[in-house]
Amino acid sequence: MKIITIGGGAREHAAVEALARSGAEIYAVMKNVNPGIQSKAAKVLICDEDDIDKICDFAIENFVEYAFVGPEAPLSKGVVNALQDVGIKCASPTAEAARIETSKTFMRELVTKYKIAGNLRYNSFDTAAEAIAFVKTVPYKVAVKPVGLTGGKGVKVQGDQLTNLDETIEYINEIFEGHVGGGKVIIEEKAEGEEFTQMVFTNGEDVIPMPLVQDHKRAYEGDTGPNTGGMGSYSDSNHLLPFVTEEDRAAAISIVKDIVAALAKEGCTYRGTMYGQFMLTADGPKIIEINARFGDPEAMNVLTALVSDFGEIVKWEAGGKLKDEVRFANKATVCKYVVPRGYGVKSEPGHTISLNLDSIENSGAVAYFGSVDMKENRLITGTSRSIGIVGIGETIEEAEQHCEKALTYVNCDAIYVRHDIGTKALIQKRIDHMKQIRGQ
Ligand code: AMP
Ligand code: GLY
């Protein structure tokens with residue numbers, strides 16, 4: 001199969017590796033030179049990832065048949081609609097279907113309309129005055145979110161980033177004044193518990209669940225600091241998480257299935273990967289957000305564990321038939337992102353970074369290149385997450401050790417890693433927290 005892939009991060013590198021294992025001929029579009037993607041691609045186009053005209057021309061010139069889109073920005077601009085118009089089959093959603101991510105109000109309204117489980121109380125506001133009047137009287141703690149896209153960094157939660165009412169009001173004003181994420185606000189009830197990610201493959205009708213993953217959004221160890229795109233993530237060999245039961249997972253899968261069905265009923269069939277971010281509460285999983293793509297870093301966990309042919313899954317999502325059951329290895333994975341110093345507040349990019357891929361592999365790990373670039377034959381860090389290192393093992397503990405060993409083969413003088421991700425101590429904290437929430 002000839003496929004165009006859009007995106008130059010570690011999530012897209014993981015997808016490109018999986019497609020390359022399927023024998024796909026890859027035409028890669030990215031804004032930076034990602035050497036991992038470049039080494040697997042038949043041809044590369046360096047341009048803005050939401051430059052729809054250039055992307056369509058590149059696809060047409062190279063007679064590609066399929067498309068896979070990694071990031072949300074091109075989805076929101078309708079890259080899939082444009083590619084479909086020129087006859088390319090897409091394993092990613094149209095702009096209409098992607099509203100499930102690009103408008104948090106659309107998502108909540110859809111879930112309300114179809115009486116789907118796991119919803120939270122929410123209110124959307126077009127003016128700062130109305131939002132402020134609401135937070136002054138609301139009797140529960142809230143999460144304040146810009147309605148549109150913010151690269152996963154626009155959410156502030158009372159009791160976490162917002163310590164009092166004044167800070168909450170200040171943040172609401174900041175969103176409206178700065179026109180952050182479209183300049184409208186959604187205020188949601190705060191859900192208390194532990195978060196997990198359930199992603200599925202879907203052709204718009206059937207869903208195939210992937211293993212559960214837990215991401216770590218906070219920038220610093222011990223879950224402190226600002227929210228980021230995600231500092232690292234882990235998955236377990238049984239495809240559950242140490243604090244999530246089979247029943248909790250089934251509830252989450254059922255919610256995602258209902259959302260896929262609701263979108264089809266609304267006339268915007270959803271194809272591709274759907275990402276469900278849940279808070280496991282005393283009352284079961286609650287929807288935190290739904291994304292129209294793979295999670296980053298979560299894609300690195302699941303695609304590393306994927307045994308089945310990813311190319312066949314992509315063809316099925318785009319409208320074809322699936323011959324075999326989709327299988328993931330019964331292995332645990334721990335992903336830690338190497339990020340530029342300052343990431344989450346103000347990154348210090350432009351530093352030389354080097355790694356020894358053979359030694360990383362011999363450590364029982366894989367490296368995925370992210371926001372890096374090639375300048376005068378040197379690999380340099382960009383402003384976002386540089387390299388994802390995924391350790392693989394029989395247990396989370398073993399995968400974590402493999403990841404740590406592999407990290408010693410990454411060298412740069414201006415990087416930061418959250419070493420606590422996947423450690424026994426942090427996982428025990430999650431288990432204890434969940435027990436406390438469930439009153440056990
Ligand atoms: P999002 O970008 O919507 O995933 O939000 C970023 C982070 O904010 C999530 O991973 C949660 O940790 C937190 N968050 C978002 N919404 C809520 C909510 N309603 N209740 C509690 N925490 C939330
Ligand atoms: N890891 C969170 C996201 O991709 O949105």
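Counting starts at 1 for both ligands and their atoms, in listed order. Reckoned from all heavy atoms, side chains included, excluding hydrogens, waters and symmetry mates. All figures in this text were calculated on a predicted structure; none of them were measured in a lab.
Under the side chain to side chain contact (heavy atoms under 4.5 Å, CB included) test applied with R271, the options V314, L263, N203, T94 reduce to a single match, N203. Exactly one residue among L165, T127, I172 makes a side chain to side chain contact (heavy atoms under 4.5 Å, CB included) with I132. That residue is I172.
Residue contacts with ligand 2 for R11 are absent, since no atom lies close enough (heavy atoms, distance under 4.0 Å).
The list of ring pair (Phe, Tyr, Trp, His ring centres under 6.0 Å) pairs with a residue in residues 232-265, not counting sequence neighbours, reads H216-Y234.
Considering only non-hydrogen atoms, atom 5 (O) of ligand 2 lies nearest to R293 out of E72, E195, R293. The option from N227, T197, N291 that lies nearest to atom 7 (C) of ligand 1, judged by heavy atoms, is N227. Comparing K141, R218, E194, K145 by heavy-atom distance to atom 3 (O) of ligand 1, the nearest is K145.
By the 30° and 60° cut-offs, the orientation of the rings of F201 relative to F328 is parallel. The aromatic rings of F68 and F294 lie tilted to each other, with the angle between the two planes from 30° to 60°.
Per-residue contacts place D215 under 4.0 angstrom from the following atoms of ligand 2 (heavy atoms of the residue considered): 1 (N), 2 (C). Within ligand 2, the atoms closer than 4.0 Å to a non-hydrogen atom of K217 are 2 (C), numbered from 1 in the order shown. For ligand 2 and E298, the ligand atoms under 4.0 Å from any heavy atom of the residue are 1 (N), 2 (C). Close contacts of ligand 2 with G229, meaning ligand atoms under 4.0 Å from a residue heavy atom, involve 1 (N), 2 (C).
Residue-ligand proximity: P297 is placed with a non-hydrogen atom under 4.0 Å from ligand 2. By the 4.0 Å heavy-atom criterion, G230 is excluded from the residues contacting ligand 2. Ligand 2 lies nowhere less than 4.0 angstrom from a heavy atom belonging to Q277. Ligand 1 is approached by E189 to a heavy-atom distance shorter than 4.0 Å.
Looking at residues two or more places apart in sequence or on another chain, you find a salt bridge (Lys or Arg N to Asp or Glu O under 4.0 Å) between E188 and R108, K145.
Remark: ligand 2 and F294 share no N or O pair separated by less than 3.5 Å (distance only, no angle test).
Residue-environment remark: NZ (K77) stays at or below the threshold of 12 foreign heavy atoms within 6.0 Å. More than 12 heavy atoms of other residues, nucleotides or ligands lie within 6.0 Å of NZ in K286, so this atom counts as buried by the packing criterion.
A salt bridge is defined here as a Lys NZ or Arg NE, NH1 or NH2 lying under 4.0 Å from an Asp or Glu carboxylate O, and R438 with D248 meets this definition.
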